[in-house]
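One structure is given below, encoded as structure tokens.
The model shown is predicted, which means the values in this text are computed figures rather than measured ones. So you know, we letter chains A, B, ... as the sequences are listed, proteins then strands, and number each from 1.
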Protein chains: 2
Amino acid sequence: MSVFRVGLVGAGKIVQDQHLAAIEATPGLELVAYADPGVQLEGLPGFTDLTAMLDAHPEIDAVAICTPARLRHRLAREALTRGRAVLLEKPPATTLAEAEDLRSLAEDLGQVLFSAWHSRYAPGIAQARKWLSRGQVDSVAIRWHEDVHVWHPGQTWLWEAGGMGVFDPGINALSILTHLLDEPFFLKGAELEVPGNCQTPIAARLDFHLGDGPSGQARRIAADLDFRHEDPPHWNMTFETDCGVLALEGGGARLIIDGEVVIDAPEREYQGVYAHFHELLARGVSDMDITPLRHVADALMLGHRHWVEDFVDS
Amino acid sequence: MSVFRVGLVGAGKIVQDQHLAAIEATPGLELVAYADPGVQLEGLPGFTDLTAMLDAHPEIDAVAICTPARLRHRLAREALTRGRAVLLEKPPATTLAEAEDLRSLAEDLGQVLFSAWHSRYAPGIAQARKWLSRGQVDSVAIRWHEDVHVWHPGQTWLWEAGGMGVFDPGINALSILTHLLDEPFFLKGAELEVPGNCQTPIAARLDFHLGDGPSGQARRIAADLDFRHEDPPHWNMTFETDCGVLALEGGGARLIIDGEVVIDAPEREYQGVYAHFHELLARGVSDMDITPLRHVADALMLGHRHWVEDFVDS
């Protein structure tokens, strides 16, 4: 098995909670260094920035960029230009222009670029995808409800312009949906609830139409995203198809087909992320899917904003 | 010269003001019919919808879709699937998902698809593009000011969700800019002024950075769009370059280089649109550029909204 040496850029909470252990557990990946101006990780060479890390460790083959989203475009450009493969935490960039630029740069340079939508690696997803490919989806209902106070305490950036609000978790649902469905779907309307003191929605209801279907009744996807939900979270989606009903619960940890629990497994999404990254590196191909971010941009462009009560972080 | 038969879909104001005369004036294009459920055009076979028009006129090679934007995706899909080339008025679709779907469908079918950004055919644009390609652009200032009461009377859809507000004319500036510059640019911030009784901005200030430039000072594009401007409009952009200063005024009708008026000609944008469409048809290639719409989506995703006084249509 080919071995690839990985450097981390950004070493905050998600890296410490997920990336470090997942890289460690992935055969064929070797973590050699990290870059972060404000974090100390024990037992790993640390640098203040990407430039210094690559200067000191020319053997690094690939970098995983886990900084705040607004820094990712510049860092990914630097890494790609210096001949390194790149993994991008979700979302891959702040704007679609940045994301498309990285895709085209990686293609021009022949470098591997991977937009890591971690929710696609939940335990039930692969089998759900296979099962859904056998029939026609008639409708989808998504309920992505969580308590922002529990899951995002103190994340004030969520509420600022560009912070995405409820689309920060909601993009996980969209990343699963775009991965499960082989046909495109199109936003026809969106209702966004925005607290009076915030820039981004605390809740969103999205109405998509599936496929081109010019005749007959539209096949619909209804997505209901809400941050104002008491724990435990509901991260569920239900697919009505001509072959039966498929449900994913717990963000994809549980797969239920026609009422029967088929999979119910502990979450190990980031191991799936890095196993896929290794496969991309070994094959020398990219997986830079921008569609989840594009759907969010469409929702924020097309959505009707309603003003709701101020949000108070508690 | 090859002759292509054209059918119009949608026959409202822009068609009567621009498309009819432009098609008439274009060698190699022959207008044979139109479809519109609510408009009567003299001397041209009319149909209530696209399906009926194509059924009755199988000789139609290409359709120009000039309906309200929300109808374009379905109509373009139908026309492409029935083997016709398609011209789309701007913007090409309501969402990026729809626009990307049309691009990929046309590619799969080997059909010609053209997103007609009419402002790119203003008299000074072609020469400006040639001149700018010789040097490096250091900064761009765009001022796109007009009186909404004069230029968009009664267009209430502008202010509804998805209606784009000041981006309806502003996307013309962005379509020129993306056409003139060979390098990408990236939105770093946007301030949007939204009337309290509207969903869309009446004014926007956009801050783009040009190119990748990781070192030194960023090269910037400042775009200032405003609907609250007394006639006459200012549709101007100024490029500071290492070879001098280039200015476009009047939406591109006047080209001024280092203070000297190089071009000052009457507007005939739609003749340029149809001349280009004929060329695409003759060569069998598409020109489906989505970047102007993508920049608008980025601005509405990243922009900071400020609430300003209610808009009253007068």
To the closest 0.5 Å, what do you measure between CE (A:Met301) and OG1 (B:Thr94)? 8.0 Å
Minimal heavy-atom distance between B:Arg294 and A:Ala97, with the atoms involved, is CD-N, 3.9 Å
Can you name the closest pair of heavy atoms from B:Ala161 and A:Gly303 and give their distance? CB-O, 3.4 Å
So what's closer than 4.5 Å to chain A heavy atoms on B:Glu160: side chain, backbone, both or neither? neither
Per-residue tally against chain B (heavy atom, under 4.5 Å) across A:Leu187, A:Leu302, A:Thr291 peaks at A:Leu302
Does atom CD of A:Glu309 have more than 12 heavy-atom neighbours, drawn from other residues, nucleotides or ligands, at distances under 6.0 Å? no
Parallel, tilted or perpendicular for A:Phe186 and B:His73, by the 30°/60° rule? tilted
Within 6.0 Å of CD in A:Glu107, more than 12 heavy atoms from elsewhere: no
Chain B: which of A:Thr200, A:Leu300, A:Leu192 shares the most heavy-atom pairs with it under 4.5 Å? A:Leu300
Top residue by heavy-atom pair count (under 4.5 Å) with chain B, among A:Met164, A:Glu100, A:Arg70, A:Arg305? A:Arg305
Chi angles and distances behind the side chain to side chain contact (heavy atoms under 4.5 Å, CB included) call for B:Asp298, A:Glu98: CA-CA 10 Å; B:Asp298 281 346; A:Glu98 288 179 347; over 6 Å; no
Check whether B:Phe185 gets within reach of chain A through its side chain, its backbone, both or neither, counting any heavy atom under 4.5 Å. backbone
